[in-house]
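What follows is one structure encoded as structure tokens, with my remarks underneath.
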Amino acid sequence: MERYRRPLAVICLVLIGILIVAALVLAVIGTEQALRLLAADLFCLIVVPVAFYGYQLLLDLKKKRKEDEQQKG
């Protein structure tokens with residue numbers, strides 16, 4: 001499972017970078033439609049890191065269960 005952690009971290013960082021640039025552009029544009037998209041973008045800026053953190057927790061839990069099973073049997 002460790003082999004998935006680093007590529008996912010890079011993907012998450014790239015996605016967050018794109019979302020930040022998009023937020024800056026949408027804030028400068030300032031039209032009504034751009035403000036709606038900005039709200040969606042800011043929501044994604046919160047959800048993406050939380051989802052990534054949750055996925056990391058699941059990977060850690062799966063790793064611990066696998067280690068526990070190996071120690072027992």
When rounded to the nearest 0.5 angstrom, what distance separates [atom1] in [X] from [atom2] in [Y]?
X: Lys72; Y: Asp68; atom1: NZ; atom2: CG; answer: 6.0 Å
X: Phe52; Y: Leu15; atom1: CZ; atom2: CG; answer: 11.5 Å
X: Ile18; Y: Cys44; atom1: CD1; atom2: SG; answer: 12.0 Å
X: Leu38; Y: Leu24; atom1: CG; atom2: CG; answer: 9.0 Å
X: Leu58; Y: Lys63; atom1: CG; atom2: NZ; answer: 14.5 Å

Can you name the nearest heavy-atom pair linking [X] to [Y], along with the distance?
X: Leu8; Y: Tyr55; value: CD1-CE2, 3.0 Å
X: Asp41; Y: Ala22; value: OD2-C, 3.6 Å
X: Ile16; Y: Pro49; value: CD1-CG, 3.7 Å

Can you confirm whether Glu32 is buried at CD, in the sense that more than 12 heavy atoms of other residues, nucleotides or ligands lie under 6.0 Å from that atom? no

NZ/NE/NH1/NH2 to OD/OE distance under 4.0 Å, Glu69 and Arg65: no

Check for me, please, whether Ile20 and Val48 land in the same ILVMFWY cluster - side-chain distances under 4.5 Å, paths through other members count. yes

Does Leu35 share a hydrophobic cluster with Leu26, counting links as ILVMFWY side-chain heavy atoms below 4.5 Å and allowing steps through other members? yes

